[in-house]
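Throughout, protein chains are lettered first and strands after them, A, B, ... in sequence-line order, and every chain is numbered starting at 1.
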Amino acid sequence: MCTLSIPVNIFTFSIAINCCCHSNWVDYAFSLLATTFKRGFVPDVVTYTTLIRGLLSQNKSQEARLFFANLIKFRQVQPDVVTFNTMIDGLCKTGHADMAFWLFRSMEKCDCEPNTVTYNTIIDSLCKRGLVDDAFNLHSEMMEKCILPDVWTYNRIIQVLCNLNRWEEVGLLLNQMIHDMKVSPDVHTFNILVDAYSKSGKLDDAKHIIQIMNERGVYPNIVTYNTLIHAYCSQGQMDGALAMLNTIRSKKIMPDGYTYNILVNAYCRELKLDIAMDIYRNMASDGLSPTVVTHNILLHGLCQLGGLCKNHYVDKALSLFRTIECNGLIPESDTYNIIIRGCLWSKKYDGACKLVDKMVDCGFSSDAATTSVLRHLLLSKAQDPTLVALYQKCLH
DNA sequence: GTAGGGTTAG
């Protein structure tokens, strides 16, 4: 645009800088800032906030803090609530939650009132650190200040309270949310409740939520149904799970990768590996590809069954392992550990050795379960040189 | 032209 003499302004530069930041080209974004100055434009609070977000998204929290401090020190611009929220969120995500909280409390001194986004960001960070009661207190604080909690605020707190089985408070909050604050529960709210009931073994209550959802016009989505399918599987009710699958298909809601993983996992747990493999092969018919998680589940199942009785399941696991990379997927630490344990259980020590080398090359190491299997084997076969070598490799 | 975020699987 500059070469062609098409007129540009500070907005043009801010948009370009934002684009660089979203593409992880923060250095280029800063060189554009220099160009902005050279061309005589004055960056404003949006330009600077964009750059701060760029630094934080690249984990450069030290640089972001310095940049932010200098804005204030040299009075370049007055940071606004978006600038603060960007800093606070970035600090939380880069492991500086305490500093984020301090900044949150400094806002008013800078003549900047926190808003719902500010509170939600801090509440989320507190919930992630397990500080539910602090989150709860901030929720009361925002209401006192007439900063209205939104559906997100409620969902986050309801979710952690459900995890802690604090049902009475969940009920009170739902009541306050709907009747006092006139915030309507959305599909996420209901999914949290369906999951909470499912995990406490209350399948009937979970199913009842679906009814309430339909009455309120908040329609269940694939996540809702996956949660229910998982609940059926956990109770060993595979017929119920499959019936649910048919029900959602009739509603034109298509199963996704989660649906398949849940079912494959359920059959693996029941050691029905042939059914699990069939389901895995069926994914393509729904236009889905197995993920690393799918493979981990199957490898675990095959290795467990192989370890229990038939080695040919471990052979199947090994050939499945070889297909992972052929499918363009990258094995995880868990993937290696599962297959290595399978080899150990079925006494394929040479195979285990090669896999350990490969795992170490990929920057992974043996986990507690693998190390424990090795120790047990060594107790009975301390003189086996392959095992000793394996154990030493795993120690590193 | 700038900020946040939630639910399900190993």
Side-chain angles (χ1 to χ4, degrees), chain A residues 8-19 21-22 29 36 41 43-54 56-57 77 79-93 100 114-125 127-128 149-160 162-163 185-196 198-199 206 209 220-231 233-234 255-266 268-269 276 290-301 304 332-335 337-338:
Chain A
V8 291
N9 59 20
I10 184 57
F11 290 177
T12 324
F13 275 97
S14 292
I15 295 167
I17 287 173
N18 190 35
C19 174
C21 289
H22 277 283
T36 310
F41 297 109
D44 61 12
V45 65
V46 174
T47 326
Y48 289 118
T49 301
T50 303
L51 285 161
I52 288 173
R53 200 198 69 86
L56 287 163
S57 70
V77 284
D80 64 9
V81 66
V82 179
T83 320
F84 274 98
N85 289 349
T86 305
M87 273 302 290
I88 289 170
D89 181 58
L91 287 173
C92 288
K93 285 189 180 138
N115 61 14
T116 305
V117 174
T118 324
Y119 274 92
N120 284 349
T121 307
I122 296 281
I123 285 174
D124 181 56
S125 159
C127 288
K128 280 190 182 125
D150 60 12
V151 67
W152 190 87
T153 324
Y154 281 104
N155 287 350
R156 195 70 180 94
I157 299 178
I158 287 171
Q159 187 203 351
V160 286
C162 281
N163 291 342
D186 63 6
V187 67
H188 289 109
T189 323
F190 288 113
N191 286 349
I192 290 165
L193 296 175
V194 170
D195 188 47
S198 298
K199 295 233 163 88
I209 299 278
N221 61 15
I222 187 62
V223 175
T224 324
Y225 289 115
N226 283 343
T227 309
L228 269 182
I229 289 171
H230 185 238
C233 291
S234 309
D256 65 5
Y258 277 77
T259 324
Y260 275 96
N261 286 349
I262 291 164
L263 291 170
V264 170
N265 186 46
C268 281
R269 266 205 316 246
T291 62
V292 176
V293 175
T294 325
H295 287 101
N296 286 354
I297 295 168
L298 272 173
L299 289 175
H300 185 79
Q304 210 165 30
E332 298 174 338
S333 170
D334 274 352
T335 322
N337 276 286
I338 291 166

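- Closest non-hydrogen pair, A:L56 versus A:T86, comes out as CD1-O, 3.5 Å.
- The separation between A:H22 atom NE2 and B:dG4 atom C1' is 13 Å, rounded to whole Å.
- Residues that satisfy the side chain to side chain contact (heavy atoms under 4.5 Å, CB included) test with A:D195, not counting sequence neighbours, are A:K199, A:T227.
- Of the candidate nucleotides B:dA3, B:dG5, B:dA9, B:dA3 has the atom nearest to the side chain of A:R53.
- Protein atom CG of A:N261 is 16 Å distant from nucleotide atom C1' of B:dT7, rounded to whole Å.
- The side chain to side chain contact (heavy atoms under 4.5 Å, CB included) search around A:I15 returns none, not counting sequence neighbours.
- Under the side chain to side chain contact (heavy atoms under 4.5 Å, CB included) criterion, A:T36 pairs with A:I10, A:F13, A:I17, A:F41, A:P43, sequence neighbours left out.
- Rounded to a whole Å, the CG atom of A:N191 is 10 Å from the P atom of B:dT7.
- Nucleic acid contact class of A:D150 (heavy atoms, under 4.0 Å, all strands): base.
- Of the candidates B:dT8, B:dG10, B:dG1, B:dG10 carries the atom nearest the A:V293 side chain, counting heavy atoms from C-beta on.
- Between A:N18 and the phosphate of B:dG1, there is no side-chain N or O to OP1/OP2 separation shorter than 4.0 Å.
- Checking B:dA9, B:dG1, B:dG4 against the side-chain heavy atoms of A:Y258 singles out B:dA9 as nearest.
- Remark: P of B:dA9 and CZ of A:R269 are 11 Å apart, rounded to the nearest angstrom.
- Between the P atom of B:dG1 and the CG atom of A:L51 lies a distance of 17 Å, rounded to the nearest Å.
- Counting atom types as modelled, A:T121 pairs no side-chain N or O with a base atom of B:dG4 as donor and acceptor under 3.5 Å.
- For A:D124, the salt bridge (charged side-chain N to carboxylate O under 4.0 Å, His left out) criterion is met by A:K128, A:R156, not counting sequence neighbours.
- Taking atom NZ of A:K93 as the reference point, atom P of B:dG4 lies 6 Å away to the nearest angstrom.
- When the P atom of B:dG5 is taken as reference, atom CD of A:Q159 falls 14 Å away, rounded to whole Å.
- Regarding A:I338, its CD1 atom lies at a distance of 16 Å from the P atom of B:dA9, rounded to whole Å.
- Using a 4.0 Å heavy-atom cutoff across all strands shown, A:N115 reaches at least one base atom of the nucleic acid.
- Closest to the side chain of A:D80, out of B:dG10, B:dT2, B:dT8, is B:dT2.
- Set against B:dG5, B:dG1, B:dT2, the side chain of A:T49 has B:dT2 as its closest nucleotide.
- Within 4.0 Å (heavy atoms only), A:T47 reaches at least one base atom of the nucleic acid.
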- Item | Trace of the side-chain hydrogen bond (donor to acceptor under 3.5 Å, both in side chains) decision for A:T294 with A:N261 | CA-CA 6 Å; A:T294 325; A:N261 286 349; 2.8 Å; yes
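- Residue contacts shown for A:N120 include a base, since a base heavy atom lies under 4.0 Å away.
- Contact check of residues 82-92 of chain A against DNA chain B (heavy atom, cut-off under 4.0 Å) returns A:V82, A:N85, A:T86, A:D89.
- With rounding to the nearest 0.5 Å, the separation of OH in A:Y119 from CG in A:N85 is 11.5 Å.
- Within the nucleic acid shown, A:K128 has no heavy atom closer than 4.0 Å to any nucleic acid atom.
- Taking the side chain to side chain contact (heavy atoms under 4.5 Å, CB included) definition, one finds that A:H295 meets it with A:Y280, A:P290, A:L320, A:T323, A:I324, A:N327, A:L329, sequence neighbours left out.
- Using a 4.0 Å heavy-atom distance criterion, A:H188 is classed as a base contact.
- With B:dG1, B:dG10, B:dT7 as the choices, the nucleotide that has an atom nearest any side-chain atom of A:I15 turns out to be B:dG1.
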